[in-house]
> 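Pasting in a structure now, in structure tokens, and then I'll have a few things to ask.
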Amino acid sequence: MSDKALARLPRNFYTRDSVTVAKALLGQQLVRVLDDGTRLAGIIVETEAYLGKPDKAAHTFNGRRTDRNASMWLGGGFTYVYFTYGMHFCMNVVASQSEHPVAVLLRAVEPTESIEIMRRHRLARSKAKGRSKSATVQSPEKTIPDTNLCSGPAKLCQAFAIDRTWDGIDLATHEQLFIEQRRKRTFPAAQIHVGPRVGVDYAGEWVDKPLRFYIRGNSHVSRP
DNA sequence: ATGACGATTTACT
DNA sequence: GTAAATCGTCATA
């Protein structure tokens, strides 16, 4: 208790509708404490709101409820972490109340603490690419620039070491995964850009709804 | 039991 | 710009 810890976002921050939470999360700080005590942190700069039962892009469209998406019914403040494309994890912040399975996808954060650890986490994916012994290859792993560390939903999960074991945990109380309030870096409304969500081409009339929120001009977003 | 499909990322033409 | 990687999950049978 030496120095003053930033305030953790309280329950009533999360128990609002997902659009409100998606916008309010911009500028707040995602924190992940590793088992050895290392603190990883980054400021949220891009989010997407998913509106649940009526939303064709949402995993809970039409009230679909399975083992995979069960945590979307846990109510505001819990996580929904899912596995996709056979290799990636994405993290949502569940919003509203338990009877409304809505959530906010974290799409990008601006790294602030333990950036080198994040870089190491991101690099730990190179596989034996079959091509052995080609002596004339360029450097197999270039350094990942900061702007490419957490600029996407799966990238930030990899950088923060968030996988399915972090599904369904309570951000309002958990010691190793939570979100801090950052009043000083909260972005003014004028800097918040709105656009259609990414990667939901299957969602019919919901494809073009303005439910993606990001900071204009921030170089850490997934797409400008 | 089987098959189609991703709320993505990366590398390559 | 296109394509490959890669597998848990879910709907259908």
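All values reported here derive from a predicted model rather than from experimental measurement. Within every chain, numbering begins at 1; the chains are lettered A, B, ... in the order of the sequence lines, protein sequences first and strands thereafter.
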> Considering only B:dT10, B:dT8, C:dT9, which nucleotide approaches the side chain of A:Asn148 most closely?
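Minimum distance to the A:Asn148 side chain belongs to B:dT10.
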> Distance check needed: C:dT6 P versus A:Asp163 CG, whole Å only.
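Rounding to the nearest Å, CG of A:Asp163 and P of C:dT6 are 18 Å apart.
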> If you look at every strand shown and take non-hydrogen atoms under 4.0 Å, does A:Phe83 touch a base, only sugar-phosphate, or nothing?
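Sugar-phosphate, no base atom in range.
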> Hey, does A:Arg197 reach any base, or is it just sugar-phosphate, or nothing, if we go heavy atoms under 4.0 Å?
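Nothing, no nucleic acid heavy atom in range.
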> Where does the angle between the aromatic ring planes of A:Phe83 and A:Phe89 fall among parallel (under 30°), tilted (30 to 60°) and perpendicular (over 60°)?
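Aromatic pair A:Phe83/A:Phe89 classed tilted.
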> Between atom CG in A:Asn69 and atom P in C:dG8, what is the gap in whole Å?
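Interatomic distance, CG of A:Asn69 to P of C:dG8: 18 Å.
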> Which one, B:dA7, C:dA5, C:dA11, comes nearest to the side chain of A:Met87?
C:dA5
> When the distance from CG of A:Leu123 to P of B:dA11 is rounded to whole Å, what number comes out?
10 Å
> Indicate whether OP1 or OP2 belonging to B:dT9 is found under 4.0 Å from a side-chain N or O atom of A:Arg122.
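False: A:Arg122 side-chain N/O out of range (4.0 Å or more) of B:dT9 OP1/OP2.
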> Is any NZ, NE, NH1 or NH2 atom of the basic residue among A:Arg39 and A:Glu113 found under 4.0 Å from an Asp or Glu carboxylate oxygen of the other?
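Here A:Arg39 pairs with A:Glu113 in a salt bridge, since their nearest N and O are under 4.0 Å apart.
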> In Watson-Crick or G-U wobble terms, both distances under 3.5 Å, what is the partner of B:dC12?
C:dG1
> Tell me: NZ of A:Lys209 to C1' of B:dA7, nearest whole Å?
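Answer to the nearest Å: 17 Å.
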> Side-chain N or O of A:His59 versus OP1/OP2 of B:dA7: is the shortest distance under 4.0 Å?
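So the side-chain polar atoms of A:His59 do come within 4.0 Å of the phosphate oxygens OP1 or OP2 of B:dA7, strictly under.
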> Using atom OH of A:Tyr85 as one end and atom C1' of C:dT9 as the other, report the distance to the nearest whole Å.
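Taking atom C1' of C:dT9 as the reference, OH of A:Tyr85 is at 14 Å.
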> Starting from P on B:dT8, measure out to CD on A:Glu48 and report it in whole angstrom.
7 Å
> Could you tell me whether the side chains of A:Asp167 and A:Ser71 share a donor-acceptor contact shorter than 3.5 Å?
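Yes, because at least one side-chain N or O of A:Asp167 sits under 3.5 Å from a partner of the opposite role on A:Ser71.
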> Is A:Lys155 near enough to B:dT10 that one of its side-chain N or O atoms lies under 4.0 angstrom from OP1 or OP2?
yes
> May I ask you to test the A:Thr38-A:Val33 pair for a side-chain heavy-atom distance under 4.5 Å?
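Not touching, per the 4.5 Å side-chain cut-off.
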> Which residue in the set A:Leu149, A:Thr147, A:Asn148 passes side-chain contact (heavy atoms from CB on, under 4.5 Å) when paired with A:Ser151?
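The passing option is A:Asn148.
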> Let me know the distance between CZ of A:Arg64 and C1' of B:dA7, rounded to the nearest Å.
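The distance from CZ of A:Arg64 to C1' of B:dA7 comes to 12 Å, rounded to the nearest Å.
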> So, OP1 or OP2 of C:dT9: does either fall under 4.0 Å of a side-chain N or O from A:Arg164?
yes
> Which part of the nucleic acid does A:Ala57 contact within heavy-atom distance under 4.0 Å: base, sugar-phosphate only, or nothing?
base
> Rounded to whole angstroms, how far apart are CZ on A:Arg223 and P on B:dT8?
10 Å
